J.: 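Next up is a structure, given as structure tokens.
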Amino acid sequence: MKPYKQKVDSIMGPVVGVAARYLSVYRPESPLSNLLADIMVWAGEKYGEKPDIGIYNIGGVRASIAKGEITYGDVVDVAPFENKICFITLSGENLLTLFGQIAHRGGEGVSHGVRLVITPDGKLVGASLNGHDIDPKRDYRIATIDYVAQGNDQMTAFKLGTNLVADDDPKNNSRFIFREYFLSQQANGQIIDAKVEGRITIKK
């Protein structure tokens, strides 16, 4: 087994970044789910996209990230599935439906600038982007993963989307997107960090 272990270690062992703190995942909002949703938006430029919002399903996050060095193996633990990044357009009306479904689930990963207010029993009572209420008549570009864009995890409003851009090339797997982000931050001397900032709040 030793030769196989060495090969696996050579793939999984390289450090791709450093985490400033323990990045965990939980609902309605968590440091790690915030980070992954933000990375969806960050990746848009590579694909010639300018997404308004990133969404990442909390159920798809299978591990936390410990403080300190992040290896590629850690990234695989976080995102072990063959999910690919994709881009889709939702009308504001359908986006509000989606946010209602996210509220019903008790929260999902949403990108910076999104503010959702939900009730303890899972109803949406407020939704805005960058300080502006969601306009039902405007179109919004969403960056997410193909599993979610297909309407899974009860986010069926995605089935109403248009202009879907999705490439099933393995290089578009979410784990590779995350690795690229971590490596880019590392190259710039940046430490990976994220925190809860009130993207999704429960009305008391």
Side-chain angles (χ1 to χ4, degrees), residues 20-44 50-65 78-79 81 83 85-164 174 178 192-204:
R21 70 187 76 209
Y22 181 71
L23 302 174
S24 55
V25 59
Y26 48 84
R27 300 178 194 275
E29 174 192 354
S30 67
L32 187 52
S33 57
N34 282 354
L35 175 64
L36 301 185
D38 286 346
I39 294 174
M40 292 286 101
V41 174
W42 169 86
K50 294 182 179 180
D52 300 294
I53 297 168
I55 293 177
Y56 203 87
N57 60 321
I58 285 177
V61 184
R62 291 310 174 98
S64 298
I65 293 178
V78 168
F81 305 112
N83 295 322
I85 190 171
C86 65
F87 304 90
I88 190 169
T89 297
L90 288 179
S91 68
E93 182 178 3
N94 291 334
L95 180 59
L96 286 170
T97 299
L98 175 66
F99 284 157
Q101 292 167 350
I102 288 175
H104 179 71
R105 290 181 58 78
E108 298 288 357
V110 295
S111 58
H112 181 74
V114 175
R115 293 290 183 271
L116 304 182
V117 180
I118 66 178
T119 64
D121 60 347
K123 292 183 175 60
L124 180 70
V125 294
S128 64
L129 176 62
N130 299 324
H132 300 283
D133 289 342
I134 300 300
D135 182 351
K137 299 186 181 301
R138 182 195 150 184
D139 285 342
Y140 294 84
R141 194 68 169 157
I142 315 295
T144 187
I145 54 174
D146 51 3
Y147 175 82
V148 172
Q150 291 161 7
N152 291 305
D153 277 1
Q154 300 178 330
M155 288 184 274
T156 56
F158 272 115
K159 293 182 177 181
L160 303 172
T162 59
N163 193 21
L164 174 65
S174 59
F178 300 151
I192 304 301
D193 200 5
K195 60 184 178 180
V196 172
E197 56 182 34
R199 300 182 188 187
I200 303 179
T201 56
I202 298 176
K203 184 177 181 180
K204 297 182 180 178

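Values in this document were obtained by computation on a predicted structure and should not be read as measured data.
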J.: Any idea which heavy atoms bring R27 and G59 closest together, and the distance?
T.: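 Scanning both residues, the minimum pair turns out to be NH2-N, 4.1 Å.
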J.: Examine the side chains of D153 and Y147 and answer whether a donor and an acceptor come within less than 3.5 Å of each other.
T.: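 The criterion, which ignores hydrogens and geometry beyond distance, is satisfied for Y147 and D153.
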J.: For Y140 and D135, run side-chain contact (heavy atoms from CB on, under 4.5 Å): C-alpha distance rounded to whole Å, both residues' side-chain angles, the deciding distance at 0.1 Å, then the answer.
T.: CA-CA 9 Å; Y140 294 84; D135 182 351; 3.6 Å; yes
J.: Give the minimum heavy-atom separation between G161 and I88, together with the two atoms involved.
T.: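 Closest pair (atom of G161, atom of I88, distance): CA-CD1, 3.8 Å.
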J.: If you round to the nearest 0.5 Å, how far is OH of Y26 from OG of S64?
T.: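 Taking OG in S64 and OH in Y26, the distance rounds to 9.5 Å.
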J.: P136 versus L96: any side-chain heavy-atom pair under 4.5 Å?
T.: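 The answer is yes, as the side chains (C-beta and beyond) meet within the 4.5 Å cut-off.
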J.: Counting C-beta onward and ignoring hydrogens, is there a side-chain heavy-atom pair between N163 and F87 closer than 4.5 Å?
T.: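 They are not in side-chain contact.
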J.: May I have all residue pairs that pass salt bridge (charged side-chain N to carboxylate O under 4.0 Å, His left out) and include part of residues 114-124, sequence neighbours excluded?
T.: D121-K123
J.: Checking L116 against T201 for the side-chain contact (heavy atoms from CB on, under 4.5 Å) test, could you report, in this order, the C-alpha distance in whole Å, the side-chain angles of both residues, the deciding distance, and whether it holds?
T.: CA-CA 6 Å; L116 304 182; T201 56; over 6 Å; no
J.: Does a side chain donor of either E29 or N34 reach within less than 3.5 Å of an acceptor in the other side chain?
T.: yes
J.: Does some side-chain heavy atom of H104 sit less than 4.5 Å from a side-chain heavy atom of Q154?
T.: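 A side-chain contact under 4.5 Å exists here.
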J.: Could you note down all residue pairs passing salt bridge (charged side-chain N to carboxylate O under 4.0 Å, His left out) where residues 89-100 supplies at least one of them, sequence neighbours left out?
T.: none
J.: What distance do E108 atom CD and T144 atom OG1 have between them, rounded to the nearest 0.5 Å?
T.: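 One finds 9.5 Å between CD of E108 and OG1 of T144.
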J.: Do you know the tightest heavy-atom contact between Q101 and A157?
T.: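 What the structure gives for the nearest pair is OE1-N, 3.0 Å.
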J.: Contact between T119 and L124 at the side-chain level, heavy atoms closer than 4.5 Å - yes or no?
T.: no
J.: For a 4.5 angstrom cut-off between non-hydrogen side-chain atoms, does I142 reach F158?
T.: yes
J.: Are any non-hydrogen side-chain atoms of L95 and L129 less than 4.5 angstrom apart?
T.: no
J.: Is it the case that the side chain of S128 and the backbone of D133 share a donor-acceptor pair, with hydrogens and angles ignored and the cut-off at 3.5 Å?
T.: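 No, because the side chain of S128 does not come within donor-acceptor range (under 3.5 Å) of the backbone of D133.
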J.: Let's go through I118 and V125 carefully: what are the C-alpha distance in whole Å and the side-chain angles of both, what is the deciding distance for side-chain contact (heavy atoms from CB on, under 4.5 Å) to 0.1 Å, and is it a yes or a no?
T.: CA-CA 6 Å; I118 66 178; V125 294; 5.9 Å; no
J.: Compare every heavy atom of V110 with every heavy atom of A37, then report the nearest pair and how far apart it is.
T.: CB-C, 3.5 Å
J.: Are any of the side-chain heavy atoms of V41 and I53 separated by less than 4.5 Å?
T.: no
J.: Will you find, in the side chains of N94 and T97, an N or O donor that is under 3.5 Å from an N or O acceptor?
T.: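 Result is no, nothing qualifies.
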J.: Shortest non-hydrogen contact from P31 to L23?
T.: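 Residues P31 and L23, closest heavy atoms: CB-CD2, 4.0 Å.
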J.: Could you tell me which residues satisfy side chain to side chain donor-acceptor pair (under 3.5 Å) with D38, sequence neighbours excluded, listed by chain and number?
T.: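 Side chain to side chain donor-acceptor pair (under 3.5 Å) check on D38 returns R199.
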J.: For a 4.5 angstrom cut-off between non-hydrogen side-chain atoms, does S24 reach L32?
T.: no
J.: To the nearest 0.5 Å, tell me how far F81 CZ sits from D146 CG.
T.: 12.5 Å
J.: In Å and rounded to the nearest 0.5 Å, what is the CD1 to CD1 distance from I55 to I102?
T.: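 Spacing of CD1 (I55) from CD1 (I102) equals 4.0 Å.
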J.: Kindly give the heavy-atom pair with the smallest separation between P51 and M40, and that separation in Å.
T.: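 In terms of heavy atoms, the two residues are closest at CG-O, 4.4 Å.
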J.: What distance do L90 atom CG and T162 atom OG1 have between them, rounded to the nearest 0.5 Å?
T.: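 It is 7.5 Å, given to the nearest 0.5 Å.
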J.: To the nearest 0.5 Å, what is the distance between CZ (R138) and OG1 (T89)?
T.: 10.5 Å
J.: Before you tell me yes or no, could you show the steps for Y56 and S174 under side-chain contact (heavy atoms from CB on, under 4.5 Å), namely the whole-Å CA-CA distance, both residues' side-chain angles and the distance that decides it to 0.1 Å?
T.: CA-CA 10 Å; Y56 203 87; S174 59; 3.5 Å; yes
